[in-house]
Amino acid sequence: MFTSKYTWQVRERTEQLSEDIKKEYKLNHLEVTLLENRGYNTQEQVDEILAPSEYNWQYMPNINEATAMIKKHLDAESRILIYGDYDADGITSTAILYDALRAENENVFYFIPNRMEHGYGPNYDFFEFEVVGNADLVITVDNGVAAAKEIALLRENNIDTVIIDHHAFADEIPDAVIVHAGYPESKYPFQELAGVGAAYKVIQALGLAKDEYLGLVAIGTVADIVSMTDENKFLVTRGLAELNQKMPLGLSTLLKMSNHTGTIDEETIGFTIAPRLNATGRMDEASIGVELLLADDENRAYEIASGIEELNTERKALVETIYKEAAEQVDESNEINIVAGEDWHQGVLGIVASRLVDRFGKPAIVMSSDFDVYKGSARSIEGIDLLGVLKKYPDYFNTLGGHSQALGLSVYEDSLDEFKKTITGYFNELNLNLKPVQYIDYKVTGDNLTLKDFERIRRLKPFGKDFNTPVFMIANQTVKSIRQVGKDLSHIKITLQELDIDIIGFKFGFLHSEVQSGDKISLIGRLNINDFNHKRTLQMVLMDARIDDLQIIDMRAKNEQNFSLIKSDDLFVTSEGNDGKENYFTYGDPLPIAVDTVVLRDIPYDLEELKTTLKGLQASKIIVIFNDKNELFFEGLPSKQLIEQTDEIIMNAKNGAIDLTVHAPHLAKRIGTSMRNLKIITDILADLSRIRLENGIVYKDEVQSGINIENSQYLKRLTTKIEAEAKLKMSSGQSMKDYLRTLITA
């Protein structure tokens, strides 16, 4: 049995789509299943996905007041500062607003705070020493609604302020004109716009919108992981079309450096563009991201893109280093992982926390020393409100904020050990056996999904939060082939006997030791179309695997032996005595009924003894080695005539005259056999009380009647051992596994 990383939850429909909706959109069975299982059952709900709307900017709260204020300052050629944020949403928000306003007034500037120096959002000291006296209007984008104190400073100094944001409001609402789709008592039809979406609405209201801005709106929206439904879906769809038709120079240069070719979709943004823009804010100054997006000179675009690519490479290396150090601190027996370093880079701790959650399936808090506090990021799993838990212990924190699944914090240095002990203890006492949930959209069987069916779900794109890329499940199918691939063999490729779908598992190379050809396995993952050698086939990108049946790992061949799978506390079954070790058993001994891993180390002497040991066993895994230094199968046993001939020679010799330590080679040569067979023969004669051996010297026993070889129990044991070798060592892997299963259930 191989346990999955996630708890698999198959979605189930609560209502069915009407026939009218199916006909209107010409939905196939796959599209219908995906929509119904996700709760999109009404005309209005389906329209949000297949025909999303753009809503009139006039419905945005306070937008008329905001545009009036901005126009007043544009017309007066006032000094206008755009105060952005250091992530991709903030960078794109700043870029489009700056480009639009700068065309109307040369006295427009922008500033992106430094993550390390200024922190997130409006910075009081920066406003006091750099903005007061130097700006007439401040427009915050993708930040500001939780900064009442900082905004009050601007207002006290007669600086007008417009806040364009999408984050959660604090208890005190700043004294400013706030454009926010989710403003209290807002009537805007869709309240999940990203910061860049809200900024675009303001630009529309000013009459300064350009189609090219939509591409940047798509980037910021996808990167910020906001709801990919309704108007966001409309904006991203339009934006992707714009990017594929006409790419901004800087972005085009960046994509070339990342070796991206082909169509740009939401995955291009999520995995290529957004990480690089975010790297600017994590590793350096996010303002260079704005410069890149607005670049109109090829040389400058190349220079900036090169710098960003280097930052991203540095970021990835840092993440890898810190992640490895953090993972070494993890105690897997705990239900939350809290780790801390002395000099870990603050800009990547959120990524490291996410990777720890992905690997261990538990909430993670990652911190690094910063003067007298440990500052860091935390990530949770579905169903666990980590922020809510931490708020129960306010005395530990210098700062704490975010939301239930992702948050930032700083813990007082002298409280760190107690904090770790308290929070870890809290989670451990819950006994939740935490495991993240992965929802499954569609179960694939032999005939319910074709390439043509799958191609149709492109109409449901772009995917994202609240309408994620569909997850498919293949249940209990037989492995046809499995092999490790990649330079370090860290990836896996699997083909199945019953389904014509190839499976590729990145970083799943370990499965090669857990499952073999002929075994049953269940898989979940995302599907795509693999176009290779002009042949298009369905391919699953693996997310998780599970083996529900008893695992039998065949390690009989020396080149298949991976002893890292064996732990010192596993149960071992041997053909000899166990020397008093509690987890060692001898064939013929019954095992504890419910165990985790059983290692069949040696070949048993008798299949009946193996049957006795395995009968009724409830194990997760059996590792089969069946090692034996003295295999009998190929050489067989000495013949009856050879045994009788040896017996006659000994009976005719003087008592004690044969010293095997000296004469064994001569005796073996005389009877025409091997030293191995001579040893077997003398053991048989000793078993029959024909001889006794003392210090290698042969003495005739007292019984001198005729020899009856059939009475030798030792010979019978060797005979049954050959039968066991033939059944267990010489059979195919699948035959051996089937046989062991029959013994367990017999």
Side-chain angles (χ1 to χ4, degrees), residues 85-87 113-128 143 146-150 153 167-168 170-172 281-283 318-319 321-323 325-331 333-357 360 362-381 384-430 434:
D85 186 33
Y86 44 65
D87 67 359
N114 181 284
R115 181 189 292 262
M116 308 300 178
E117 182 181 351
H118 305 103
Y120 169 75
N123 180 275
Y124 191 93
D125 289 343
F126 178 79
F127 280 1
E128 183 176 19
N143 69 92
K149 176 184 175 183
E150 292 78 7
L153 174 66
H167 291 97
D171 293 337
E172 184 180 356
R282 293 183 185 281
M283 308 298 297
L318 261 178
V319 168
T321 299
I322 296 172
Y323 167 72
E325 294 176 7
E328 289 175 358
Q329 295 186 28
V330 168
D331 180 350
S333 65
N334 290 329
E335 294 300 326
I336 184 171
N337 295 318
I338 305 176
V339 297
E342 292 303 314
D343 55 359
W344 292 345
H345 195 292
Q346 294 286 341
V348 300
L349 298 188
I351 300 175
V352 174
S354 293
R355 286 190 59 178
L356 290 177
V357 171
F360 297 104
K362 301 170 183 178
I365 300 174
V366 182
M367 298 175 289
S368 184
S369 179
D370 185 22
F371 297 106
D372 60 345
V373 298
Y374 275 81
K375 186 184 297 183
S377 296
R379 299 291 184 268
S380 190
I381 64 173
I384 300 296
D385 181 358
L386 183 56
L387 180 60
V389 171
L390 297 183
K391 281 183 175 179
K392 297 177 181 179
Y393 305 94
D395 292 344
Y396 291 126
F397 301 105
N398 181 44
T399 59
L400 176 65
H403 58 80
S404 64
Q405 302 296 293
L407 53 120
L409 72 167
S410 57
V411 177
Y412 296 111
E413 184 178 29
D414 56 5
S415 300
L416 179 64
D417 291 339
E418 186 182 345
F419 164 74
K420 292 170 70 173
K421 182 178 179 181
T422 301
I423 302 305
T424 301
Y426 173 88
F427 275 91
N428 288 350
E429 288 176 7
L430 295 177
L434 294 177

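Counting begins at 1 with the first residue of the sequence.
Pairs of residues two or more places apart, or lying in two chains, that qualify as salt bridge (Lys or Arg N to Asp or Glu O under 4.0 Å) and include a residue from residues 339-355 are E320-R355. The list of side-chain hydrogen bond (donor to acceptor under 3.5 Å, both in side chains) pairs with a residue in residues 392-402, not counting sequence neighbours, reads K392-Y426, Y396-E418, Y396-T422, T399-S410.
In this structure F360 satisfies the ring-ring contact (aromatic ring centres under 6.0 Å, His included) test with no other residue, sequence neighbours excluded. Every residue two or more places apart in sequence or in another chain that forms a side chain to side chain contact (heavy atoms under 4.5 Å, CB included) with N114 is listed here: M116, E117, H118, E285. For Q346, there are no side chain to side chain donor-acceptor pair (under 3.5 Å) partners two or more places apart in sequence or in a different chain. Among residues two or more places apart in sequence or in another chain, the ring-ring contact (aromatic ring centres under 6.0 Å, His included) test is passed with H403 by none. With sequence neighbours excluded, the residues forming a salt bridge (charged side-chain N to carboxylate O under 4.0 Å, His left out) with D370 are K375, listed by chain and number. Under the rule for a side chain to side chain donor-acceptor pair (under 3.5 Å), D372 has no partner lying at least two apart in sequence or in another chain. Every ring-ring contact (aromatic ring centres under 6.0 Å, His included) that F127 has, sequence neighbours left out, goes to Y83. Contacts of K149 classified as side chain to side chain contact (heavy atoms under 4.5 Å, CB included), with partners at least two apart in sequence or in another chain: Y124. For A146, the side chain to side chain contact (heavy atoms under 4.5 Å, CB included) partners are A170, not counting sequence neighbours. Remark: H345 engages no residue in a ring-ring contact (aromatic ring centres under 6.0 Å, His included) (not counting sequence neighbours).
In this structure, CG in L390 is found 9.0 Å from CG in D385, a value given to the nearest 0.5 Å. Note that the CD1 atom of I338 and the OG1 atom of T424 stand 4.0 Å from one another [nearest 0.5 Å]. If you take OG on S415 and CZ on F397, they are separated by 10.0 Å, rounding to the nearest 0.5 Å. To the nearest 0.5 Å, atoms OG (S377) and CD1 (I351) are separated by 9.5 Å. In this structure, CG on D87 lies 8.0 Å from OH on Y120, to the nearest 0.5 angstrom.
In this structure the side chain of F419 reaches within 4.5 angstrom of the side chain of M367, judged on heavy atoms. Using a 4.5 Å heavy-atom cutoff, the side chains of I365 and V411 are not in contact.
No donor-acceptor pair under 3.5 Å is formed between the side chain of N428 and the backbone N or O of N334. Of the possible polar contacts, one joining the Q405 side chain to the I384 backbone as a donor-acceptor pair under 3.5 Å is found. At distances below 3.5 Å, not a single donor-acceptor pair connects side-chain atoms of E413 with backbone N or O atoms of S369.
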